[in-house]
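Some notes on the structure that comes next.
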Amino acid sequence: MSPHLTFDLQIEIINRLPVKSLLQFRSVCKAWKSLIDSSHFIAGYNAPPDQPQHLMMSYKVREEEDNEVKYVGFVDDNTTFPQQKFFLTIPHLAREAIVIGSSHGLFCFKHYFPTFGTEIVLLWNPAIRKSIAIVVPNEVHPPFHYVIGFGVCPHTKDPKLVKVTYISHYSFMGRRSCFPCQQVMVFTLSSGKWRTSRSNLVPRKSIEFPTIASSHTVIGQFIYWFAVDGTKGFRNLIMSFDLSTDEFKEIHLPNGLRKAFLCISRLRDSLVLLDRYSNSTTDKQVCDVWMMEHGDPKAFTKLYTIKSPDASVLWTEGFRNNGEPIIVMHDDDEDEDVFSQCALVVYEPCLEHIMDLGIRGPRMSISSGNSYTYMESLLLLNHDDGHIVEVIIFTLRGDIPPCAASSSNGDSLNDSNGGDLQQVSDADGIDIEIEKLSKNHRRIPSKIAVQPSLQTLWGIWSSYKPVLGRNLNRRLSTPKDTMQCSGRE
Amino acid sequence: MSKKTLTLMSKDKQLFNIEEHLAVQSVTIRNMVKEDGASSVIPLPRVDSETLALVIEYLNRQQAPEEDEDYVKKFVDERGEIPTLLELAQAALDLDIKKLMDAACMKVADLIKDFTLEEVREALRIENDRTPEEEKAIRDEFQWAF
């Protein structure tokens, strides 16, 4: 029998295993588990080159009863696509959430709870089926809006969120100069904290960000948004955020765009601009694909036009790893006909050929989704599944009748059903400031610090009705009831 | 300039001759040559003669650079036995021959990726240092992956 292999050699072999084997082989011996679980290994790990790319597609078919967003995974290789579909175990809590983007095998969702003014971001790794939640700090009020960007820094492999607060011209027609400048907050998973960026790292005050997912994409160390500059007659532009330096840059659009409907996407490692318009001869919607070559903002070139003689391109969801766009087309002549049939298809630009993916529905029932190609990663392996980063702080706002003030006492934080609500702040877990407004009203901006499970909080948030004061006590003490109602509102 | 020849000695004291300009594809040998001129025999006390013969066959290959990737892949594919591959990978790691090490480890990883835990331990000669209960607890964290 030969002597034992050196651990260095074992590391070289472990490094070349696919994610699923690594999850199993954590049990081989103690040394393997500590290696695989180490943050150094997780950050340095890249799926072996023979592993296929995956493609996640999200879509919604409204005629179906559950009205949930559907997610389907494909093995995106050159031989089997689209035969090899796989099931994606979307975290329960992400089912009603919106995808913000994808980077390094992680997906980022957000969900807003209007009553509490709280937005939660979920990071999810489908390859290891783990997710964690991050609370977005500080609610903003009109005319302020904010956008969340997400990306994993390719150098540190640290997931990063950026929250940009900007002034929206829809809510505010006055002069921006009377407002303070935009605020940028950055969250890194390694620190577990949000911090405010220095004022020299903030976009210009007139830049407005969109909130739809098709306007956010991550390539290399940059997050890109399709944005608008409110000063010069609402000129479109692309904003980039450097994940390693936290700097924003403005990218001007190329000349020659039709600009009927623009959005951005990722084609392999390049930024593409999708320019959809109506072809004047066929009267069908077509889409030009422009690529920014070599990451050079001045080098946009038009690659091709997505077109079909007898169907319209409704939107482009994303691109396969081989560069073919995934689009939603509809056959009918009448753009406005809500009953005409739509289909999710892959378009082959060279042949102008269309491959049907078998996902069809009446127009207006398939709503815009997104497709993301990704390689499996180990990110989040060293985090507890369902963990909430930082102590949850949520703030109630509103004019509360005097009787309600007394109901918001420390006792209400105890979970009578033996759940996991637990007070964590020093002063009995509750901190209330009372401000006298008029004779019978008090404004109570109360901060309640708790550390419950994400599921419990999600239940409270999603079913909480805006009858402030009266319901707070009940909701906090009966999370199990509220969990049952969640998801139907 | 005449081609200099080096002599490498395996664990079981067999001697192998190889031209120096080919041998220095190994970073380890290159450093040894630089340091002491390597006029004498270079001992490789961890590499047995069968493995060293393979390493030398690889170093002596006459491939055009653009065919090199395919060659090294085929070279390890033809030695599909895990014990042989492990010895080869270990020698390539010790001698710092990156492409050979990459390909051999990739091949081993590919062969063992669907193994059971017991098979992995046997193939890589690793002892299980956990009790069955401890092992089960760790398995349960990713039960779905098994």
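Because the structure is a prediction, the values reported are computed rather than measured.
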*asked:* Quick check: under 4.5 Å, non-hydrogen atoms only, which of residues 65-79 of chain B neighbour chain A?
replied: none
*Could you tell me whether A/Glu293 atom CD has more than 12 heavy atoms of other residues or ligands within 6.0 Å of it?*
yes
*With a 4.5 Å limit on heavy-atom distance, are the side chains of A/Leu9 and B/Leu124 in contact?*
no
*Does anything in residues 73-84 of chain A get under 4.5 Å of chain B by heavy atoms, and if so which residues?*
none
*Check whether any side-chain heavy atom of A/Arg16 sits under 4.5 Å from a side-chain heavy atom of B/Val108, and report yes or no.*
no
*What residue in A/Arg129, A/Glu12, A/Lys33 has the most heavy-atom pairs under 4.5 Å with chain B?*
A/Arg129
*Mark yes when over 12 heavy atoms from residues, nucleotides or ligands other than A/His155 sit less than 6.0 Å from its NE2; otherwise mark no.*
yes
*In terms of heavy-atom proximity below 4.5 Å to chain B, should A/Asp8 be classed as side chain, backbone, both, or neither?*
both
_chain A neighbours within residues 134-146 of chain B, where any heavy atom lies under 4.5 Å away_ = B/Glu135, B/Ile138, B/Arg139, B/Glu141, B/Phe142, B/Trp144, B/Ala145, B/Phe146
*For A/Leu381, is it the side chain, the backbone, both, or neither that has a heavy atom closer than 4.5 Å to a heavy atom of chain B?*
side chain
*Measure B/Leu93 against the heavy atoms of chain A and call it side chain, backbone, both or neither at under 4.5 Å.*
side chain
_Interatomic spacing from CD1 in B/Ile126 to NZ in A/Lys30 - rounded to 0.5 Å_ = 14.5 Å
*List the steps, then state whether side chain to side chain contact (heavy atoms under 4.5 Å, CB included) holds for A/Ile13 with B/Met106.*
CA-CA 7 Å; A/Ile13 296 168; B/Met106 196 69 222; over 6 Å; no
*asked:* As an exercise: rank A/Pro18, A/Ser27, A/Cys29 by heavy-atom pairs under 4.5 Å with chain B and give me the winner.
replied: A/Ser27
*If you round to the nearest 0.5 Å, how far is CZ of B/Arg125 from CG of A/Leu5?*
4.5 Å
*What part of A/Ile128 lies closer than 4.5 angstrom to a heavy atom of chain B: side chain, backbone, both or neither?*
both
_Interface residue of largest heavy-atom contact number with chain A, from B/Arg46, B/Glu118, B/Arg121, under 4.5 Å_ = B/Arg121
*asked:* Is it the case that atom CD in B/Glu57 sees more than 12 heavy atoms from other parts of the structure closer than 6.0 Å?
replied: yes
*Which residues in residues 109-116 of chain B have a heavy atom less than 4.5 Å from any heavy atom of chain A?*
B/Ala109, B/Asp110, B/Ile112, B/Lys113, B/Phe115
*Looking at A/Val28, A/Ile14, A/Asp385, which has the largest count of heavy-atom pairs under 4.5 Å with chain B?*
A/Val28
